[in-house]
Each structure stands twice: as structure tokens, then as C-alpha cells.
Amino acid sequence: MTTLDRSRLETFLRLEEQKFHADHPKSYELFKRARQSMQGGVPMLWMIRWAGTFPVFVKEAKGAHFSDVDGRSYVDFCLGDSGAMTGHSPDATLAAIHAQAEKGITLMLPTEDAVWVGEELQRRFGLKYWQFTLTATDANRFAIRMARHITGRTKILVFNYCYHGSVDETFIALDEEGTPGSRPGNLGPPVNPTETTKVIEFNDVAALDTALSARDVAVVLAEPVMTNIGIIHPDPGYHEALREITHHTGTLLIIDETHTLCTGPGGYTGKYGIKPDFLTCGKPLAGGIPAGVYGFTQEVADAFWAKLDLDQSDVGGIGGTLAGNALSISAMRATLENVLTPAMYERCEKLADRYETGVLDVIKEFDLPWIVKRLGFRVEYWFRQSPPRNGGEANVAVDSELDRAMHLWTLNRGILMTPFHNMALIAADTTEADVDYHTKVFREAVQALFG
Ligand SMILES: Cc1ncc(COP(=O)(O)O)c(C=O)c1O
């Protein structure tokens, strides 16, 4: 099987960095200016981690494409890391935003659209009651608060190398000996996360049973398929075990569909009939306008209501002045009604098949020790020979240098991949030509590294 020559990789990266710099003079000028007013020259800390030596500054985006200030065009397989899974600025969402913006943007009062969206979420995901936030992070934070309030238990449980947004309790990981502690990079944690959180590996039923048997965990927060340390599917029967153990230990279950919404119009939950107590989602729901949601069952609603002091509900730690604003809600209605439709899913899945086949053919041609993982129209390749069963195994396979090399090569040839792993998301406007172009550029990268 083909192996990687690290010194060849080093040269490859150096040449790609030079090319990136030479091809993006205007982005570089803007970056230098940006450093005078924004720390690191970026609007948000993590944007510094893009594969180039500075970020590409965007001029405009539409559908599955965007252009930068240097006049270069890109096929976008990152799509705002799912925030623009609908394609950039979908027409139906735009029309709703324009119309609503003329009629008021934020009111601290509901509009009729909110009722429509609540009913639609109920239909798609099967949970009875819904609340709105501006981010998926907030949806998770509020669901956790409700779970703690209802159960009177203080802890939550998450899976090793999960990501659920910037939720304090989730920045915990197992070290090489399997001991839990702050996840590397955890900035200014309020307390040691082992005080608030238990962490175990995904797909480990025995560990789950042990962790929940003390009956001190309020809620398990889980993606139905892990996506943030690469795609890790549940073993057959894992979800049934998760539900059964949570039930018999009186533990609630939050299913976070923020990324797994690419599985179907009702997410993984809708497609595979999972029955969580809470469901959270965000990112693409309003076509890129900030919006998150959390839903819960009748039982959860009853238990919460019974313990709620309505006079204090505005200072209870669940809130957001702009949450549920008229603009987000109108965008959500238009997006759910016209963009995130069954037809869109069908089209995107077909293109994802094509993308997967293209990458697999190259892997086979060069006899690479790599694999492809797939969830709905999310496709990614991995630098390992067998699929990992949990976050710990997946983390060991991360090769940041090789990641960066593949990202930069594709970026330099007009393709944006999702940062931090080699993932592509397909949008309704992605074309077969876009996918084939990726296959060609991916093959050229492999040829340059291994040929
Ligand atoms: C599964 C999951 N949940 C929640 C979030 C948080 O989303 P946001 O940063 O939009 O709040 C993310 C972000 O990547 C995520 O991957």
C-alpha cells in the first residue's frame, strides 16, 4: 500500500503556500488592515485556522459558489460548515427576508410565522413543543438547563471528541489512559469540566451503563452520528441501547441534529425513528440567517411547567432578547417550506454518490490507505484504513499537515472544503460539473503527493 513521504509533503505545502500568497494579493492587503482592528485579523478566532496563510476575503456568494476580492471563483463544499447547506442566499429565503425586513425585524412578540414553524418542526421531528434561539449552541445550553431543572441532577454526559457549540460543559475529553479532563484548548473553563460532565466513548454500551447507573446524570447530549471528529456511525443497536439505558436510569436524552440534518428533512431522528426527549438544531434552518431551535416532548413540557416560576422566567438562564425575532422566523419558514424539501435531499444525495465514487476511484487507483465516510449528502475522506468506532480512535487518525495540504491544494484551484477535516457538503445548486472538477483536482493532489 502507498505510503506518504513527509519531506515531499513539506515541499508540497511550501509551494502551495507560495502560490496562495501570490494569487491573493487583495485578500492579503485586507488581512493586514484587519489585523489593526481585529485580533488575529479575523472576525472570529477560529477563522485563523483556514489552510491559507491568511483568510480569503469574500466578495459575493450565491448557491454553491462564491468569489473573492481578487476576482477568483470557487466551488463551495464548505457551505459555512452547514450554515449555508441550503446554498448561499436561496431565492425563497431572500424574498421572505426582504418582505419581513420592511415590516419589522425584532419585536419581542410572536408573529404568525412562528406558529407555522412550530407546527412544521413538530411534523418533521415528532416532538411536541418548540422554542427558538439564535444559535444551535444556545439551543443545547437551554435544553441542558431544562433537563437539570426537571431532574434535579447536576451532571450531563457527552461522547469523547464531540462538539455541540461553545457549551461550557462539553469541553471535556479522555486522555490516552482514558482519564477525563479539560479538552486540550479549553479556554477559561468556569470549573473543571469533570465537575459538570461525564465523558465516555461513543458506541461503548458498557461504559454508558456504568456512567448512568449512579443516576446523577440529568441528560445525555449526543449527535445521532458523530460528525465533528469526522463521521462516526453508531453500531447497529447502539441507539436502542442508548434509549433503553437512559430510560431505566431516569436520564433524559438530547439529540443534536445541527449537522445530521443532512440525513433527511426530519434529520437522522426522522429517518431512523429515534425518540429523544429533546432535539436541537440550528445552522441552515433559516438559510444562513441566525436561528436555532429546541424541541421537547409532552412529558418534558409537563415536568418543566410544573417546576416553573413564570414571574422569574426572564431571568432563569434561558433567554435571548433577539431569539425568535420576526426576521429569523420568516427566513426559517421560507427555508423549511421551499428549500430544505424532500426534492432537495434527493438531488443532493445523488450528487454525493457521484462525489463519493470519484474520490473512491482515486483512492483505489493510487492504492491509498484512505477511506470515505458518508452521511446523507455529507462526504469525507480519512487518512486511515478502517472506520473509527469512537472519537478517541478518530482523533489519533488526524494528520493536520496532510489535512492542510489537501485543503490548500484544492483552495488554490478554486475549491473550498470544510475546515478541520476533509469534508464536502453538497448544496442544491451544486452541479455534476462541480463534483467532477473536485474529483479531477483531488486526483492531481494525490498524483503530486504519491505519484
Ligand atoms: C453538532 C453541533 N451542534 C451545535 C453546534 C453549534 O452551532 P453554532 O456554532 O451555530 O451555535 C455545532 C457547530 O459546529 C455542531 O456541530
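As a basis for the values below, the full set of heavy atoms in this structure was taken, side chains included, without hydrogen atoms, waters or symmetry mates. All residue numbers refer to positions in the sequence shown, counting from 1. We count ligands from 1, going down the list as the structure has it; atoms in each ligand are counted the same way.
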Show which atoms of ligand 1 fall inside a sub-4.0 Å distance from at least one heavy-atom site of [X].
{"X": "Gly165", "answer": "4 (C), 5 (C), 6 (C), 12 (C)"}
{"X": "Thr135", "answer": "11 (O)"}
{"X": "His259", "answer": "14 (O), 16 (O)"}
{"X": "Glu223", "answer": "1 (C)"}
{"X": "Asn228", "answer": "1 (C), 15 (C), 16 (O)"}

message: Looking at Arg123 and Glu120, is any side-chain nitrogen of the basic one under 4.0 Å from a carboxylate oxygen of the acidic one?
response: yes
Considering only protein heavy atoms, which is closest to [atom], and at what distance to one decimal place?
{"atom": "atom 3 (N) of ligand 1", "answer": "Asp256 OD2, 2.6 Å"}
{"atom": "atom 14 (O) of ligand 1", "answer": "Lys283 NZ, 2.7 Å"}
{"atom": "atom 7 (O) of ligand 1", "answer": "Ala136 CB, 3.5 Å"}

- prompt: Which bit of Thr280 is near ligand 1, meaning a heavy atom under 4.0 Å away: side chain, backbone, both or neither?
  reply: neither
query: Counting heavy atoms only, which part of Thr137 comes closer than 4.0 Å to ligand 1: side chain, backbone, both or neither?
result: both
- prompt: Out of Lys350, Lys373, Arg374, which one pairs with Glu356 under the salt bridge (Lys or Arg N to Asp or Glu O under 4.0 Å) rule?
  reply: Arg374
- request: Classify the ring geometry between Phe77 and Tyr355 as parallel (under 30°), tilted (30 to 60°) or perpendicular (over 60°).
  value: perpendicular
message: Does the plane of the ring in Phe442 sit parallel, tilted or perpendicular to the ring in His438? Use 30° and 60° as the thresholds.
response: parallel
message: Before you tell me yes or no, could you show the steps for Trp370 and Leu402 under side chain to side chain contact (heavy atoms under 4.5 Å, CB included), namely the whole-Å CA-CA distance, both residues' side-chain angles and the distance that decides it to 0.1 Å?
response: CA-CA 12 Å; Trp370 297 1; Leu402 187 51; 3.9 Å; yes
Arg148 and Val219, any side-chain heavy atoms less than 4.5 Å apart: no
field: Heavy atoms of other groups near Arg145 CZ, more than 12 under 6.0 Å
entry: no
